[in-house]
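In what follows, a single structure is set out as C-alpha cells and then discussed.
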2 protein chains.
Amino acid sequence: MEKQIFLLGLIRQSDMHGYQILDLINSHFNIIINITKPTAYRLLNNMAEDGWISLREEKEGKRPPRHVYSITPKGEKEFQRMLRESLAEYKPIERPNPISIAFLQIFPPEEILPHMLKRKSSVESIIEGLIGTKDHQKNYQLVFEHQHFHLKAELKWINYTIEKMNSPDWGKDVK
Amino acid sequence: MEKQIFLLGLIRQSDMHGYQILDLINSHFNIIINITKPTAYRLLNNMAEDGWISLREEKEGKRPPRHVYSITPKGEKEFQRMLRESLAEYKPIERPNPISIAFLQIFPPEEILPHMLKRKSSVESIIEGLIGTKDHQKNYQLVFEHQHFHLKAELKWINYTIEKMNSPDWGKDVK
DNA sequence: GGAGACATGTAAAGGGTTACATGATTTG
DNA sequence: CAAATCATGTAACCCTTTACATGTCTCC
C-alpha cells in the first residue's frame with residue numbers, strides 16, 4: 001500500500017509517465033522508498049484499470065509512446081482513504097535493523113569493528129546526501145526529516161556499541 | 001534471509017520445534033522480528049531439506065509429533081556466512097516510516113493531531129514493554145538496544161513535528 | 001558509430017500473508 | 001463441557017526482485 005500511496009502522491013502533484021516516475025524515485029527518493037520497474041508498472045497498470053488514474057498516450061517520433069498518468073477523482077478519494085488508513089494504523093515502526101545485529105557478539109570484536117566503522121561512514125554519507133536534497137523537496141520535507149532523526153539515532157547507536165565492544169563484558173554469556 | 005538467520009540463531013542456542021519457535025517469536029521477539037506460521041514452516045522445511053538443520057520426532061500421546069530441529073555443522077557454516085554477508089551489506093536502514101508521513105500536510109492539523117498523539121502513546125508503550133524484556137534477553141540485548149535508540153528517535157520526531165504543526169508555515173507550499 | 005539515456009514491458013522464481021484444515025490435550 | 005493451548009500443516013493469492021527483451025534517440 002505504501003508504494004501505491006507514493007505513486008499516487010507523485011502523480012497527484014503533476015501528471016507523469018512511468019519512466020519519469022521511476023527516474024524521479026531512483027534519483028531523489030531512494031533514501032525513503034524503493035520501487036523497482038516491474039512493481040511500478042504493475043501498480044500503475046492496476047490503478048489505471050481500477051480507474052484511480054487515467055492514461056493518455058504521448059507520441060514522439062518512433063519511440064514507445066509515453067503513458068502519461070493523471071489522478072482521477074476516484075483516485076484522489078482512494079489516495080486519501082489509504083493515507084488515513086495508514087496514519088490510523090500506528091504501526092510500531094518496522095525493524096530498521098538487519099537482524100544480524102542480534103548475533104554480532106558471536107564474532108570477535110576485531111572482525112566486527114571494521115564493519116561497524118564502514119557502517120558508520122555509510123550512514124554519515126547518507127546523512128550528507130540527505131541534507132543536500134532536503135531543502136529542494138519542500139513537499140516531502142517531513143519524510144526526509146523523519147529519516148534524518150533515525151539516521152542520527154543509528155549513528156548514536158553505532159558509537160555507543162563500538163564503545164561497548166571495548167568493555168570486558170563484551171561477548172560474555174553468548175554462545 | 002533475515003528470517004532464516006533468526007531461526008537458525010534460535011535453534012543454534014538450543015534445539016527447538018516449530019510451534020515452540022513461533023511461540024517464542026510471537027511472545028518475546030515481536031518487537032524486532034515478525035514471522036508467520038506458513039513462512040516459518042516453509043523455511044524450516046527448506047533448511048531441513050538442505051541439511052542445515054536436522055530433525056528428530058518426539059511423540060507424546062496421540063498429538064502430532066513434535067519436529068525438533070538441531071543445527072548441523074553445515075547449518076552453522078551457512079549461519080555464519082549469512083551473518084557475515086548481512087553485516088557486510090551496510091544497508092542504509094530500511095524505511096522505518098510509513099510513507100504516509102510524506103503527505104501528512106494535505107490534511108488539516110486538527111485531523112492529524114489525534115493520530116500523532118496516539119502514535120506517540122503507542123511508541124511509548126512499546127518502549128515500556130521493551131524495557132521490561134530487555135534484561136531477560138541478554139543474548140539479544142543488542143537488537144533490543146538498537147530498537148530502543150530508534151524508538152526514542154521516533155518519539156523525538158513526533159514531539160518535534162507536533163510543535164511544528166502549530167507554526168504558521170504548516171502546510172504551506174503543499175498542494 | 002558507439003554509449004548512454006529514453007521508454008516500454010514480461011517471465012520466472014521466490015517470499016509472504018490470510019484463511020482454511022485437523023485433531024488431541026489441558027484448564028477453568 | 002467449553003475454551004484455550006498444543007502441534008502440525010496446506011491452498012490460494014499477492015507482491016517483489018532479477019534478469020531478459022526490444023527498439024529509438026541524442027550526444028560526443
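Letters go in sequence order (proteins before strands), and every chain restarts at 1.
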Task: With A:Thr36 via side chain to side chain donor-acceptor pair (under 3.5 Å) - residues at least two apart - done: A:Thr39
TODO: Please tell me which of the listed nucleotides, D:dA7, D:dG9, C:dT17, lies nearest to the side chain of B:Tyr69?
DONE: D:dG9
[X] has an atom [atom1]; how far is it from atom [atom2] of [N], in whole Å?
X       : N      : atom1 : atom2 : value
B:Ile35 : D:dG9  : CD1   : C1'   : 17 Å
A:Leu55 : C:dG9  : CG    : P     : 8 Å
A:Lys59 : C:dA7  : NZ    : P     : 14 Å
B:Tyr19 : D:dC6  : OH    : P     : 4 Å
A:Leu22 : D:dT18 : CG    : P     : 14 Å
A:Glu2  : D:dC15 : CD    : C1'   : 13 Å
B:Arg66 : D:dC6  : CZ    : P     : 10 Å
B:Glu58 : D:dA7  : CD    : P     : 10 Å

Open item on the list: Please report the end-to-end axis angle for the helix from C:dG1-D:dC28 to C:dG28-D:dC1, five pairs per end, rounded to 10 degrees.
Closed with: 30°
Task: Any A:His17 side-chain N or O less than 4.0 Å from OP1/OP2 of C:dC6 - done: no
TODO: Measure from the ring center of A:His17 to the ring center of A:His67 and say whether it is less than 6.0 Å.
DONE: no
Task: Qualifying residues under ring pair (Phe, Tyr, Trp, His ring centres under 6.0 Å), relative to A:Phe79, sequence neighbours excluded - done: B:Phe103
- [ ] State which residues pass ring pair (Phe, Tyr, Trp, His ring centres under 6.0 Å) with B:Phe107; sequence neighbours excluded, sorted by chain then number.
- [x] none
- [ ] For residues A:Phe6 and A:Tyr140, determine if any side-chain heavy atom of one lies less than 4.5 Å from a side-chain heavy atom of the other.
- [x] yes
- [ ] Please list, by residue number, the residues of residues 36-45 of chain A whose heavy atoms come closer than 4.0 Å to an atom of DNA chain D; answer none if no residue qualifies.
- [x] A:Thr36, A:Lys37, A:Pro38, A:Thr39, A:Arg42
TODO: Verify, without hydrogens or angle tests, whether B:Glu111 (side chain) and B:Pro108 (backbone) share a donor-acceptor contact under 3.5 angstrom.
DONE: no
Task: Ion pair check, A:Lys74 and A:Glu78, cut-off under 4.0 Å - done: no
Open item on the list: Strictly by salt bridge (charged side-chain N to carboxylate O under 4.0 Å, His left out), give each pair with a member in residues 15-33 of chain A just once, sequence neighbours left out.
Closed with: A:Asp15-A:Arg56
TODO: Scan side-chain atoms only and decide if A:Glu154 and B:His146 contain a donor-acceptor pair under the 3.5 Å cut-off.
DONE: yes
